[in-house]
Number of protein chains: 2
Amino acid sequence: MATKPEDRRTVRTKKLLRQALLELIEEKGIDRITVRDLTDRAEINRGTFYLHYQDVPDLLDKIKEEVFAGLQAIISRMYIIRLMAETNEDKPYEVIVELFEYLGEHADFFRVLLSPKGDISLALRIKDMMARQMMAKLEIWQPREELMLVSREWLIAYTTSSNIGIIQHWFASGQALSPYEIALVMTRLVKNGPARSINVEHLSPPEK
Amino acid sequence: MATKPEDRRTVRTKKLLRQALLELIEEKGIDRITVRDLTDRAEINRGTFYLHYQDVPDLLDKIKEEVFAGLQAIISRMYIIRLMAETNEDKPYEVIVELFEYLGEHADFFRVLLSPKGDISLALRIKDMMARQMMAKLEIWQPREELMLVSREWLIAYTTSSNIGIIQHWFASGQALSPYEIALVMTRLVKNGPARSINVEHLSPPEK
DNA sequence: CCATTATTCAACACTTTGTCGATTAAAATG
DNA sequence: CATTTTAATCGACAAAGTGTTGAATAATGG
């Protein structure tokens, strides 16, 4: 991946456009952003935009690619099944801590793009990464699908989307918890499931 | 809500626009659809569009409102906590069956809008409906938050997004399961959680 | 049948788009 | 430092989309 170092000017232009895009998405949503909006905000010539990108979605795609590589690296080390089956102490699974640390480092990007005004396809791509990883591991660890309560397909759909949901809510909360704390929350939920997490034995049903 | 019955012509126009919009979203995604695209596809005059809607997002909003009412009615009868805490037999929670029946009745709409090319805000709105409902019930059923493994906030983020994930995957699979079957899958996952669903006791770890 | 109203049609000014050639400014190179 | 290379700017362009208008036409409801 060691490509030629880019001209300082193009680096500056791309950086300004990235920043302008994130700001504008937050302000008016991913649609409704024109090339002129971007270049006005970034204070560059409109023609310059077309020297680097085809259109607004293309710019977004290029920016996404930057973070995908790092994300893929972490997710590929994530053994959700190991988390489910092995870890017994009340400690967060380390790779999940790393995941949230990485997300936090690129918070300006993820906070905007995983928000309601962001880009649905980003969340889907992350989900897809997790799903592939999980399917590969699951086929080895539990080859007898008939022993499972639900088939792999549905378990994966369930788990990946709940994980994304926790990530999205973490940013929506303004990253209220530390990577360690939120990883612990996720670990507990995955290991115990939602039902046991409410502590059924101590419920106070209104009338019963 | 018993408003004046609409002129046949406006009913026809709105129906054609709805159909055209869903087709075009599927073909080219929610962005990139122009008013001209819509009116060409619907075979109506471009000016007619503006007699009913302000712009493309406005049309989408109006169409969404149609199904929200019905959805809200079902979700308000959904006691996810009851599902978690009470039901012990291996039967799907009835309200979830109803939910999937309703989704199936409006499959043309949900299939497109919950897909990758669809509208992120629809899924978020449904999640929000579920979250409000769940928070209200949870505060009554488990007033002592400190007894829970994770706080209400995170439990709700986890549960609602996993539910949306199952719904999205159901449409992505071409509604491969019946409402009863998919409701059973969801019931099992919510009650047992992902970890127990893989049947940990019978795992075959590669080397261990 | 008639009054009402939705739709059509052509036209309007305006914005955005994508591209282009010529010019200017900055960076890389030796 | 001087020279070459390349990025950015500028103005202009046709094409397409936007949102609105007023007059003509057609369908509807009573």
Side-chain angles (χ1 to χ4, degrees), chain A residues 1-66 117-119 121, chain B residues 1-66 117-119 121:
Chain A
M1 276 287 190
T3 50
K4 53 190 174 289
E6 277 192 319
D7 193 303
R8 286 188 219 157
R9 289 167 293 182
T10 74
V11 173
R12 175 178 173 277
T13 299
K14 290 183 179 179
K15 198 171 175 180
L16 288 171
L17 282 172
R18 178 198 149 102
Q19 185 57 31
L21 180 66
L22 292 181
E23 286 177 18
L24 287 168
I25 290 177
E26 198 158 21
E27 290 170 22
K28 47 199 290 191
I30 184 73
D31 331 323
R32 305 255 161 240
I33 296 178
T34 68
V35 174
R36 187 174 297 277
D37 286 338
L38 282 166
T39 54
D40 282 355
R41 178 66 58 101
E43 289 180 306
I44 61 169
N45 191 272
R46 196 170 64 87
T48 307
F49 176 90
Y50 292 101
L51 295 176
H52 300 285
Y53 307 102
Q54 288 188 357
D55 49 24
V56 182
D58 183 48
L59 166 61
L60 183 58
D61 283 344
K62 298 281 168 60
I63 293 177
K64 284 196 279 189
E65 287 307 323
E66 291 173 23
K117 291 187 172 179
D119 177 17
S121 71
Chain B
M1 277 288 190
T3 51
K4 56 193 173 283
E6 278 191 317
D7 192 306
R8 284 187 221 159
R9 289 168 294 183
T10 75
V11 173
R12 175 178 172 276
T13 298
K14 291 182 177 178
K15 198 171 174 180
L16 288 172
L17 282 172
R18 178 198 149 102
Q19 185 58 31
L21 180 66
L22 293 181
E23 287 177 18
L24 287 168
I25 291 177
E26 198 158 21
E27 289 170 23
K28 48 197 294 193
I30 185 72
D31 333 320
R32 306 258 160 240
I33 296 177
T34 68
V35 174
R36 188 174 297 277
D37 285 339
L38 281 166
T39 54
D40 281 357
R41 178 67 58 100
E43 289 180 305
I44 61 168
N45 191 273
R46 194 170 64 89
T48 308
F49 177 90
Y50 291 101
L51 295 175
H52 300 285
Y53 308 102
Q54 288 188 358
D55 49 24
V56 181
D58 183 49
L59 165 62
L60 183 57
D61 283 344
K62 298 282 168 58
I63 292 177
K64 283 195 280 191
E65 288 307 324
E66 291 174 23
K117 292 188 171 178
D119 176 19
S121 70

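Side chains are part of it too, since the values below use all heavy atoms of this structure and drop only hydrogens, waters and symmetry mates. Within every chain, numbering begins at 1; the chains are lettered A, B, ... in the order of the sequence lines, protein sequences first and strands thereafter.
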All N/O contacts under 3.5 Å from nucleotides 23-27 of chain D to the protein, with atom names and distances to one decimal?
unit_1	atom_1	unit_2	atom_2	d
D:dA27	N3	B:R9	NH1	3.0

query = What are the bounds, 5' to 3', of the part of DNA chain C that sits under 4.0 Å from heavy atoms of chain A?
reply = C:dT16 to C:dA28
message = Which residues pass the side chain to side chain contact (heavy atoms under 4.5 Å, CB included) test with A:K117, not counting sequence neighbours?
response = A:S115
task = Only counting residues at least two apart or in another chain, list the ones meeting salt bridge (charged side-chain N to carboxylate O under 4.0 Å, His left out) with A:D55.
result = B:R32
query = Hey, are A:E66 and A:K14 close enough for a salt bridge, meaning a charged N less than 4.0 Å from a carboxylate O?
reply = no
key: Set of side chain to side chain contact (heavy atoms under 4.5 Å, CB included) partners for B:L16, sequence neighbours left out   = B:R12, B:A42, B:I44
query = If we fit an axis to the first five pairs and another to the last five of the helix from C:dA13-D:dT18 to C:dG30-D:dC1, what angle do they make, to the nearest 10°?
reply = 30°
key: Contact list for DNA chain D against residues 47-66 of chain B - heavy-atom distance below 4.0 Å   = B:Y50
query = In chain order, what residues pass the side chain to side chain contact (heavy atoms under 4.5 Å, CB included) check against A:E43, with sequence neighbours excluded?
reply = none
request  = Could you pull out all residues at least two apart from B:Q54 that satisfy side chain to side chain contact (heavy atoms under 4.5 Å, CB included)?
outcome  = B:D58
Residues that A:R9 engages under salt bridge (charged side-chain N to carboxylate O under 4.0 Å, His left out), provided they are two or more places apart = A:D7
message = For DNA chain C, which residues of residues 22-46 of chain A approach it to below 4.0 angstrom with any heavy atom?
response = A:T34, A:V35, A:R36, A:R46
Partners meeting salt bridge (charged side-chain N to carboxylate O under 4.0 Å, His left out) with B:D61 (sequence neighbours left out) = B:K64
